2 protein chains.
Amino acid sequence: MNLQDAITVLKEKGYKTTGKRKDILEFFASEDGYRPAKDLIVHLEKKYGTISFDTIYRNLHLYYDLGILEKTDLEGEKHFRLSCSHHHHHHFICKDCGKTKEIEVCPMDSASAELSNYEIEDHKFEIYGKCPECLHA
Amino acid sequence: MNLQDAITVLKEKGYKTTGKRKDILEFFASEDGYRPAKDLIVHLEKKYGTISFDTIYRNLHLYYDLGILEKTDLEGEKHFRLSCSHHHHHHFICKDCGKTKEIEVCPMDSASAELSNYEIEDHKFEIYGKCPECLHA
DNA sequence: TTGTAAATAGGAACGATTACGATTTTTAGA
DNA sequence: TCTAAAAATCGTAATCGTTCCTATTTACAA
């Protein structure tokens, strides 16, 4: 998912493409990893002075609902990143910089064998640690 | 981990075994699954009328630090359960009742191969859905 | 039994997020 | 291009889970 794809999705669904909506997408396009709302607020305040929480959270939710952003809960704070791709995968997440690396392994095939009478709705597999850059910094 | 084990750990480490500490352990011993602080507060208020947040959260953290409780973040709320066992495993978590089922599969063996230059500190693998009881209720 | 360190009470404060009425902006259609 | 309706944003208050603070109470070792 890139900036242009996201704008296309927005228009297709009949949402308005406002300056702030584009700013938010540009922010995530320029970042490479999961970011909390806080970082986005700081970023937009540089340009606008102030920014309404409503604008931030409404659009984060909208983008998430539209599949433009992915979300994860890190220590009680929601973090977002541009949806990265098409095929199913998981993430390594750097605890220092938030950058991610895709993990191709998915344990659900073998795990679901242990859950024959259960209804599986969702799963989460994330690995946390330090990326090579942060390790040598 | 059961009630008696937990009290033994408390005493060994020099912590006092107060009535409320026992109540909290009994609560988790009687429950079978992840519970939020809220549920514990409701439970203790039945007995005491009021209960200090401080008492709740201080003891949840203490038990977690001592390995008596396990913790997971579910939608921005921390949930706790008695530590269940010795060997490494993951959980299916029922979204309706919070009950858990141990999953023996762990994807880290194969996943770490994809992360040779990364420092792995932690990982999370959880499956969410409905348990057989909630499915047929 | 008693001294004291630990635990609890009660409530204020905090950080992330949600909610809301008023105002502004986007955009479709005249 | 102009305009009206719908949608988006603003500024701020409220909410929710959690943490923090000081005074008071309690467990337990001596």
Side-chain angles (χ1 to χ4, degrees), chain A residues 6-27 34-66 68-81 98, chain B residues 6-27 34-66 68-81 98:
Chain A
I7 291 177
T8 304
V9 172
L10 261 191
K11 292 201 169 160
E12 274 175 1
K13 300 280 182 178
Y15 292 97
K16 296 182 176 171
T17 56
T18 66
K20 275 157 193 162
R21 285 212 167 127
K22 282 183 212 157
D23 291 333
I24 293 172
L25 290 173
E26 278 163 14
F27 171 76
Y34 279 105
R35 302 290 167 213
K38 198 193 325 170
D39 287 9
L40 178 58
I41 291 171
V42 167
H43 175 79
L44 291 180
E45 282 180 344
K46 278 180 199 150
K47 180 165 178 181
Y48 294 102
T50 65
I51 185 87
S52 173
F53 290 140
D54 207 352
T55 303
I56 298 288
Y57 288 104
R58 186 170 21 76
N59 286 315
L60 287 175
H61 292 161
L62 173 66
Y63 287 150
Y64 176 70
D65 290 343
L66 292 177
I68 292 170
L69 292 180
E70 294 180 37
K71 178 174 68 172
T72 192
D73 242 290
L74 298 174
E75 284 140 38
E77 212 183 11
K78 278 150 198 150
H79 288 58
F80 298 85
R81 57 161 296 140
Chain B
I7 291 177
T8 304
V9 171
L10 261 191
K11 292 200 168 162
E12 275 174 359
K13 301 279 183 179
Y15 292 98
K16 296 181 177 173
T17 56
T18 66
K20 275 155 193 165
R21 285 210 168 130
K22 282 183 214 157
D23 292 332
I24 293 172
L25 290 173
E26 278 163 15
F27 171 76
Y34 280 105
R35 301 291 167 213
K38 199 193 323 172
D39 287 10
L40 179 57
I41 291 171
V42 168
H43 175 78
L44 290 180
E45 282 180 344
K46 279 181 199 150
K47 180 165 177 182
Y48 294 102
T50 65
I51 184 85
S52 173
F53 291 140
D54 208 351
T55 302
I56 298 288
Y57 288 104
R58 186 170 20 75
N59 287 315
L60 287 175
H61 291 162
L62 173 65
Y63 288 149
Y64 175 71
D65 291 342
L66 292 176
I68 292 170
L69 292 181
E70 294 179 37
K71 179 175 68 173
T72 191
D73 243 290
L74 298 175
E75 284 142 39
E77 213 182 8
K78 278 150 197 149
H79 289 58
F80 299 86
R81 56 161 296 139

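Keep in mind that what you see is a predicted model, and the values were worked out from it rather than measured. Chain identifiers are assigned alphabetically (A, B, ...) following the order of the sequence lines, protein sequences preceding nucleic acid strands; residue numbering begins at 1 within each chain.
- Closest heavy-atom contact between L10(B) and K16(B): CD1-O, 4.2 Å.
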How does each nucleotide of nucleotides 13-20 of chain D score, in 5' to 3' order, for protein heavy atoms under 4.0 Å: base (B), sugar-phosphate only (S), or none (-)? ----SBBB
What do the steps show when you test T17(A) against R21(A) for side-chain contact (heavy atoms from CB on, under 4.5 Å), and what is the final call? CA-CA 6 Å; T17(A) 56; R21(A) 285 212 167 127; 5.8 Å; no
Under the criterion side-chain contact (heavy atoms from CB on, under 4.5 Å), I'd like the reasoning laid out for K11(B) against T8(B): C-alpha separation, chi angles, the key distance, then a yes or no. CA-CA 5 Å; K11(B) 292 200 168 162; T8(B) 304; 6.0 Å; no
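- Within a heavy-atom distance below 4.0 Å of DNA chain C, the residues of residues 7-15 of chain B found are Y15(B).
- The ring-ring contact (aromatic ring centres under 6.0 Å, His included) contacts involving residues 37-59 of chain A comprise F27(A)-H43(A), where partners must be two or more places apart or lie in separate chains.
- Residues R35(B) and G98(B) come closest through the heavy atom pair NH1-CA, 4.3 Å.
- A37(B) and I56(B) get closest at one heavy-atom pair: CB-CG2, 4.1 Å.
- The CG atom of L66(A) sits 6.5 Å away from atom NZ of K13(A), with the distance rounded to the nearest 0.5 Å.
- In this structure, L62(B) and D65(B) have side chains that are not in contact, with every pair of non-hydrogen atoms separated by 4.5 Å or more.
- Panel note: side chain Y15(B), backbone V9(B); no donor-acceptor pair is recorded below 3.5 Å.
- Sorted by first and then second residue, the pairs that involve residues 69-79 of chain A and meet salt bridge (Lys or Arg N to Asp or Glu O under 4.0 Å), not counting sequence neighbours, are K38(A)-E77(A).
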Polar-atom pairs under 3.5 Å, protein N or O versus N or O of nucleotides 3-6 of chain D: list them with distances, or write none.
from	atom 1	to	atom 2	distance (Å)
dA6(D)	N3	K16(A)	NZ	3.1

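- Note that the first and last nucleotides of DNA chain C, 5' to 3', having any atom under 4.0 angstrom from a heavy atom of chain A are dA16(C) to dT27(C).
- Across all non-hydrogen atoms, the minimal contact from Y64(A) to L69(A) is CD1-O, 3.4 Å.
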May I have the step-by-step check of side-chain contact (heavy atoms from CB on, under 4.5 Å) for T55(B) and L44(B), ending in yes or no? CA-CA 11 Å; T55(B) 302; L44(B) 290 180; 6.0 Å; no
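- Note: NZ (K22(B)) to P (dT26(D)) measures 15 Å, nearest angstrom.
- Residues G19(A) and T18(B) each lie close to DNA chain D; by heavy-atom proximity, the contact nearer the 5' end of the strand is made by G19(A).
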Let me see the working for L40(A) and L60(A) under side-chain contact (heavy atoms from CB on, under 4.5 Å), right down to the final yes or no. CA-CA 10 Å; L40(A) 178 58; L60(A) 287 175; 4.0 Å; yes
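- Across all strands, R58(B) comes closer than 4.0 Å to base atoms (heavy-atom distances).
- The distance from atom CD1 of I24(A) to atom C1' of dT9(D) is 11 Å, rounded to the nearest whole Å.
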